[in-house]
Chemist: 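The following block contains the structure, expressed as structure tokens.
What you see is a predicted model, and the numbers here were worked out from it, not measured in a lab. Both backbone and side-chain heavy atoms feed into the values below; hydrogens, waters and symmetry mates do not. Just so you know, ligand 1 is whichever comes first in the structure, and atom 1 is the first atom listed for that ligand.
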Amino acid sequence: MRKYSVTLLPGDGIGPEILNEAIKVLDCVCNKFGFEIQYKTALIGGAAIDETGVPLPNETVDACKSSDAVLLAAVGGYKWDTLPGHLRPEAGLLGIRSALGLYANLRPARIFAPLKNTSPLKSEIIGESLDIMVVRELTGGIYFGERGRKEQDGVMSAYDTECYSVPEIQRIAKVAFEIAQKRGGRVCSVDKANVLESSRLWRETVIELAEDYPDIELSHLYVDNCAMQLVRNPKQFDVIVTSNIFGDILSDEASMISGSIGMLASASLSEGSFGLYEPVHGSAPDIAGLGKANPLAMILSAAMMLKYSLNEQEAADSIESAVNAALKVARTPDIAGDDVPIVSTSQMGDIVCKILQN
Ligand code: NAD
């Protein structure tokens with residue numbers, strides 16, 4: 001039997017509730033497709049602060065490093081809001097991402113057909129459904145480049161530097177090409193090569209690497225045009241690959257096309273197939289413990305883990321289909337629709353499992 005090990009980081013607020021539902025669903029697909037996942041649970045965020053005094057204990061990092069993948073729910077809450085920055089729950093998030101060397105951020109912008117009315121875009125633009133993957137470089141570029149301030153003749157100025165090396169660009173482009181091979185086979189590389197030298201190197205490098213992927217159709221867009229195209233004609237995109245800063249902005253724009261934060265999954269990958277998978281939303285302390293949280297972003301994050309780290313593509317696809325089917329018969333309050341009953345967090349997990357078992 002195929003066996004995998006996964007570290008679970010429930011965190012705070014709605015985190016433990018939604019993670020329970022994802023485990024329920026994973027148990028269903030393990031039975032259905034004949035593989036086994038062994039779980040370790042570790043502390044992060046406010047839960048870790050309460051227990052150990054720090055948001056990211058060393059044992060948590062060790063547990064994650066010795067697993068095939070990590071499922072993280074969410075961290076943060078009112079209780080810890082007055083602590084100094086380095087001791088707040090969110091410091092645990094930044095810490096784990098850097099400790100695990102996660103350099104590729106994957107943000108699917110997806111509209112399931114039953115939810116097409118929740119998109120802020122007109123239905124003729126969305127069509128029946130939408131499925132874009134934004135691949136963002138996560139550890140380089142202007143957010144990590146040289147920066148500073150200087151004063152000359154009494155005038156203060158500040159600068160930040162965008163710098164990318166060929167290996168950094170090759171590494172992220174390779175991720176995008178390989179993901180496109182598992183999807184629609186198209187990659188759009190986004191840069192600002194009409195102005196920036198770093199973008200010109202980006203584009204040259206991506207074009208050169210594309211020779212190794214003759215099955216992929218590669219196109220290029222300037223970032224300003226891409227921002228427009230995402231709302232004008234989002235269906236033209238399959239995989240978008242871009243730098244850290246452009247990806248930060250474009251992935252938020254693309255994901256909001258789906259119109260619902262409770263549906264957005266994400267993955268961050270490092271070398272090999274290791275990855276950390278988490279919903280885009282936070283710990284929603286306003287609804288924690290009330291059974292109102294939408295567990296689908298967490299469940300879809302688990303599906304991404306099956307696809308990209310555990311290579312259980314069929315199980316991943318079956319979860320995505322089950323989520324689509326579940327949305328036709330039930331909704332959590334955040335995505336309530338006419339004529340569809342409202343259900344609790346755990347009922348939504350049960351419905352997805354029931355569909356998977358049929
Ligand atoms: P949030 O995403 O937690 O909540 C924003 C709004 O969306 C709230 O009204 C919430 O009820 C709703 N919401 C979020 N997820 C939902 C879900 N699954 N189902 C139904 N409704 C959902 O963002 P926030 O309120 O700005 O932050 C709350 C806490 O979460 C803060 O402490 C913040 O620092 C933290 N946070 C953590 C992460 C993370 O763990 N990755 C990300 C963002 C914010």
Chemist: Given that the side chain starts at C-beta and the backbone is N, CA, C, O, which of these parts of Ile14 lies under 4.0 Å from ligand 1, counting heavy atoms, or is it both or neither?
Modeler: side chain
Chemist: Which protein heavy atom lies closest to atom 4 (O) of ligand 1, and at what distance to 0.1 Å?
Modeler: Ala284 CA, 4.3 Å
Chemist: For the residue pair Trp202 / Ser189, report whether a side-chain donor-acceptor contact shorter than 3.5 Å exists.
Modeler: yes
Chemist: Among Ile18, Val75, Val280, which residue places a heavy atom closest to atom 37 (C) of ligand 1?
Modeler: Val75
Chemist: Only distances under 3.5 Å count here; give the side-chain donor-acceptor pairs of residues 208-220 to other protein atoms, sequence neighbours excluded, each with its distance to 0.1 Å.
Modeler:
unit_1	atom_1	unit_2	atom_2	d
Tyr213	OH	Glu178	OE2	3.3
Asp215	OD1	Gln181	NE2	3.4
Asp215	OD2	Gln181	NE2	2.9

Chemist: Can you find a heavy atom in the side chain of Leu306 that is under 4.5 Å from one in the side chain of Gln313?
Modeler: no
Chemist: Using a strict cut-off of 4.0 Å, indicate which atoms of ligand 1 neighbour a heavy atom of Ile287.
Modeler: 11 (O), 20 (C), 21 (N)
Chemist: Could you point out which residue of Leu201, Leu196, Asn244 forms a side-chain contact (heavy atoms from CB on, under 4.5 Å) with Tyr164?
Modeler: Asn244
Chemist: In ligand 1, which numbered atoms sit nearer than 4.0 Å to a non-hydrogen atom of Glu278?
Modeler: 41 (N)
Chemist: Using heavy-atom distances only, which candidate in Leu9, Ile44, Leu93 approaches atom 39 (C) of ligand 1 most closely?
Modeler: Leu93
Chemist: Need the ligand 1 atom indices (1-based, order shown) with element for anything under 4.0 Å from a heavy-atom of Gly77.
Modeler: 32 (O)
Chemist: Might you work through the side chain to side chain donor-acceptor pair (under 3.5 Å) test for Trp80 and Asp50, ending with a clear yes or no?
Modeler: CA-CA 9 Å; Trp80 306 281; Asp50 287 352; 3.1 Å; yes
Chemist: In terms of atom number and element, which parts of ligand 1 are under 4.0 angstrom from non-hydrogen atoms of Ala293?
Modeler: 19 (N)
Chemist: May I ask you to say whether Asp81 pairs ionically with Arg88, meaning some side-chain N is under 4.0 Å from a carboxylate O?
Modeler: yes
Chemist: Pairing donors with acceptors under 3.5 angstrom, does anything connect the side chains of Tyr143 and Asp160?
Modeler: no
Chemist: Which residue owns the protein heavy atom closest to atom 15 (N) of ligand 1, what's the atom, and how far is it?
Modeler: His281 CG, 3.2 Å
Chemist: Using heavy-atom distances, let me know which of Ile261, Leu296, Asp286, Asp334 sits nearest atom 9 (O) of ligand 1.
Modeler: Asp286
Chemist: So which protein heavy atom does atom 25 (O) of ligand 1 come closest to, and at what separation?
Modeler: Pro285 CD, 4.8 Å
Chemist: Can a non-hydrogen atom of Ala297 be found less than 4.0 Å from any atom of ligand 1?
Modeler: no
Chemist: Please lay out, stage by stage, how Glu137 and Thr139 fare under the test side chain to side chain donor-acceptor pair (under 3.5 Å).
Modeler: CA-CA 6 Å; Glu137 201 288 326; Thr139 54; 3.3 Å; yes
Chemist: Pairing donors with acceptors under 3.5 angstrom, does anything connect the side chains of Ser266 and Arg107?
Modeler: no
Chemist: For atom 17 (C) of ligand 1, what is the closest protein heavy atom, and at what distance to 0.1 Å?
Modeler: Asn294 N, 3.7 Å
Chemist: What distance separates Arg203 CZ from Asp191 CG, expressed to the nearest 0.5 Å?
Modeler: 4.0 Å
Chemist: Identify, for atom 31 (C) of ligand 1, the protein heavy atom at the shortest distance, and state residue, atom and that distance.
Modeler: Glu90 OE2, 3.8 Å
Chemist: Considering all protein heavy atoms, does one lie under 4.0 Å from atom 11 (O) of ligand 1?
Modeler: yes
Chemist: Going from CG on Leu26 to OH on Tyr4, what distance comes out if it is rounded to the nearest 0.5 angstrom?
Modeler: 12.0 Å
Chemist: So which heavy atom in the protein is nearest atom 42 (C) of ligand 1, and how far is it from that ligand atom?
Modeler: Gly282 CA, 3.5 Å
Chemist: What atoms of ligand 1 come within less than 4.0 Å of a heavy atom belonging to Gly76?
Modeler: 32 (O)
Chemist: Near Ala74, which atoms of ligand 1 are under 4.0 Å from a heavy atom of that residue?
Modeler: 40 (O)
Chemist: Quick one: look up the protein heavy atom nearest atom 29 (C) of ligand 1 and list residue, atom name and how far away it is.
Modeler: Ser283 OG, 3.3 Å
Chemist: Can you name the residues that form a salt bridge (charged side-chain N to carboxylate O under 4.0 Å, His left out) with Glu278, not counting sequence neighbours?
Modeler: Arg97
Chemist: Please check atom 21 (N) of ligand 1 for a protein heavy-atom neighbour under 4.0 Å.
Modeler: yes
